[in-house]
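Below you'll find the structure, written out as structure tokens, and then a few comments.
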Amino acid sequence: MSEFRLLLQADLLLKNGYVFTPHGLLEAGVAINQGKIMKVAKEPNLPKSEKELDCRGQIILPGLIDPHVHFRDPGYVEKEDFYTGSCAAAAGGFTLVADMPNNLPPATSRSAFRLKIREAESKTVVDFCLYAGCGAENVDEMSELAAEGAAAFKTWMYLTPPADAGLCTSDRRNLFKVMAAASRLRLPIAVHAEDAEIIERSTSLLKASGRKDALAHCESRPAEAEAKAVKTCLEVAESSGATLYLLHLTTRGAIEEVRSAKRLRLKVLAETCPHYLFLKEEDMLKLGAYAKVNPPLRRREDQESLWRALVDGVIDCIGSDHAPHQKSEKDAGLEEIWAAPAGAPNIEVSLPLMLTRVNEGVLSLERLVELMATNPAKLFNLYPIRGVVTEGAEGSLTVVDLKAEYKIRVDKLYTKAKACALFDGWFVKGKATYTIVRGVVVMEDGVVLGSRGLGRFIRRREFR
Ligand code: DOR
Ligand code: ZN
């Protein structure tokens with residue numbers, strides 16, 4: 001083989017598709033070599049490859065990034081583990097996920113963080129970043145966690161932590177401490193923003209009155225609890241200089257707070273999740289504890305405001321908040337809602353649900369790519385290595401067929417929590433046909449091909 005020919009060889013060639021580029025959709029192909037995008041061009045200007053994928057009629061997007069998952073590993077592997085969770089990610093079209101720290105031991109110390117990297121690296125099929133948990137108890141350990149490569153910090157504005165200690169900041173003083181530390185370390189801080197006191201008060205009142213039905217969960221965490229906590233977070237973020245990532249927003253009040261903060265040029269990014277966009281409070285009547293999520297499902301006005309914010313740019317990212325639990329745990333809440341854990345496994349349905357709205361003309365494909373690839377890449381300081389299809393970027397891509405119509409069958413999902421999955425029987429239009437991680441096809445037509453350990457831990461890049 002001549003040297004000239006060698007130079008022209010690619011490891012993988014995607015051809016005959018429409019490539020989503022910063023300059024619009026290009027009828028072209030993508031060549032990947034040694035894990036990187038080598039060429040974006042029309043034939044015959046593409047190199048040859050022994051492995052070619054025919055993407056006729058399909059769109060080649062930057063590799064999608066899910067900025068919010070709970071793969072439960074180590075510690076709660078009966079719910080999910082990094083292999084099954086990452087298979088679900090690959091099946092759902094995601095090439096990279098960012099995993100939350102509330103596993104066991106929680107990722108709040110250097111040793112727990114290292115243990116988690118080792119476990120996850122040995123199992124994962126897609127690339128991953130990690131959040132480090134922070135709270136009043138571990139402020140002094142935050143710099144070590146940053147040095148270990150944490151992509152961001154995460155804290156809960158709770159009184160009692162959801163897993164172990166070290167994740168909570170229920171008062172303003174502690175919130176300031178962790179935000180100031182995150183700011184010094186130049187990492188964003190993600191917050192679960194719901195006001196702990198309002199929740200405790202409403203919950204006790206509801207319990208005292210004998211309520212244990214599914215809707216009581218929604219009432220126990222009223223919209224004001226979110227709006228108030230978001231306002232506090234924004235104020236503290238401003239005074240501490242932190243870059244704030246507001247997780248899973250659900251209410252109009254919170255959206256309006258973010259809108260005003262963005263007008264004042266605060267460093268804030270906002271997220272919402274598929275369940276808040278596609279389900280409402282009344283769905284609790286039918287789905288019961290399976291639809292118990294924190295924050296809870298909301299009413300129509302709130303949902304409409306989320307859709308407006310997706311379109312107009314107030315919301316920056318879609319996270320699935322993939323939060324698997326066991327069926328037995330969820331079933332405990334069918335009689336008494338308080339007994340069930342909150343969370344639903346959504347990573348495999350997030351993209352098809354969103355593509356359905358693109359097909360309906362509610363959301364543009366450009367916005368979807370910003371929400372599910374470009375902005376998450378920016379949040380974790382991975383852009384433009386990721387989040388855009390361009391020569392020299394990582395060869396991680398998601399190919400979608402916008403015209404594919406199908407019915408969601410939860411028994412076909414990869415997550416261990418498929419028995420608790422929502423959206424069974426929903427008709428969707430649009431799905432991922434290939435998930436490609438640094439030049440390796442990890443999913444083809446819904447079948448996960450990637451092997452355990454193929455994915456990598458992606459350390460946060462230093463800010464320049
Ligand atoms: O619904 C939720 N589930 N909300 C959270 O904040 C935590 C998550 C989980 O870990 O199960
Ligand atoms: Zn979460």
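Counting starts at 1 for both ligands and their atoms, in listed order. Since the structure is predicted, the reported quantities are computational estimates derived from the model, not experimental observations.
- Side-chain contact annotation: N294 with H217, donor-acceptor N/O pair under 3.5 Å present.
- By the 4.0 Å N-to-carboxylate-O rule, D312 lies too far from R308 to be salt-bridged with it.
- Set against the non-hydrogen atoms of A323, the atoms of ligand 1 under 4.0 Å away are 3 (N), 8 (C), 9 (C), 11 (O).
- No side-chain donor from either of R72 and H322 sits under 3.5 Å from a side-chain acceptor of the other.
- Distances between N or O atoms of V293 and those of ligand 1 include no value under 3.5 Å.
- Between the Zn ion (ligand 2) and the N, O or S atoms of D321, the shortest distance is to OD1.
- At a threshold of 2.8 Å, the Zn ion (ligand 2) has a backbone or side-chain N, O or S atom of H70 nearer than that distance.
- The ligand atoms of ligand 1 that sit less than 4.0 angstrom from a heavy atom of W156 are 6 (O).
- Judged by a 6.0 Å distance limit and a 45° cone about the ring axis, K212 is not positioned over the six-membered ring of W338.
- Cation-pi check for K378 over Y383 is met; the charged atom lies under 6.0 angstrom from the ring centroid and within 45 degrees of its normal.
- An N or O contact shorter than 3.5 Å links R72 to ligand 1 by distance.
- Distances from the Zn ion (ligand 2) show that H68 has an N/O/S atom below 2.8 Å.
- The contact set between ligand 1 and H325, taken as ligand atoms under 4.0 Å from a residue heavy atom, comprises 11 (O).
- Screening residues 92-117 for salt bridge (Lys or Arg N to Asp or Glu O under 4.0 Å) gives D99-K116, R110-E148, R114-E148 as the qualifying pairs, with residues at least two apart or on separate chains.
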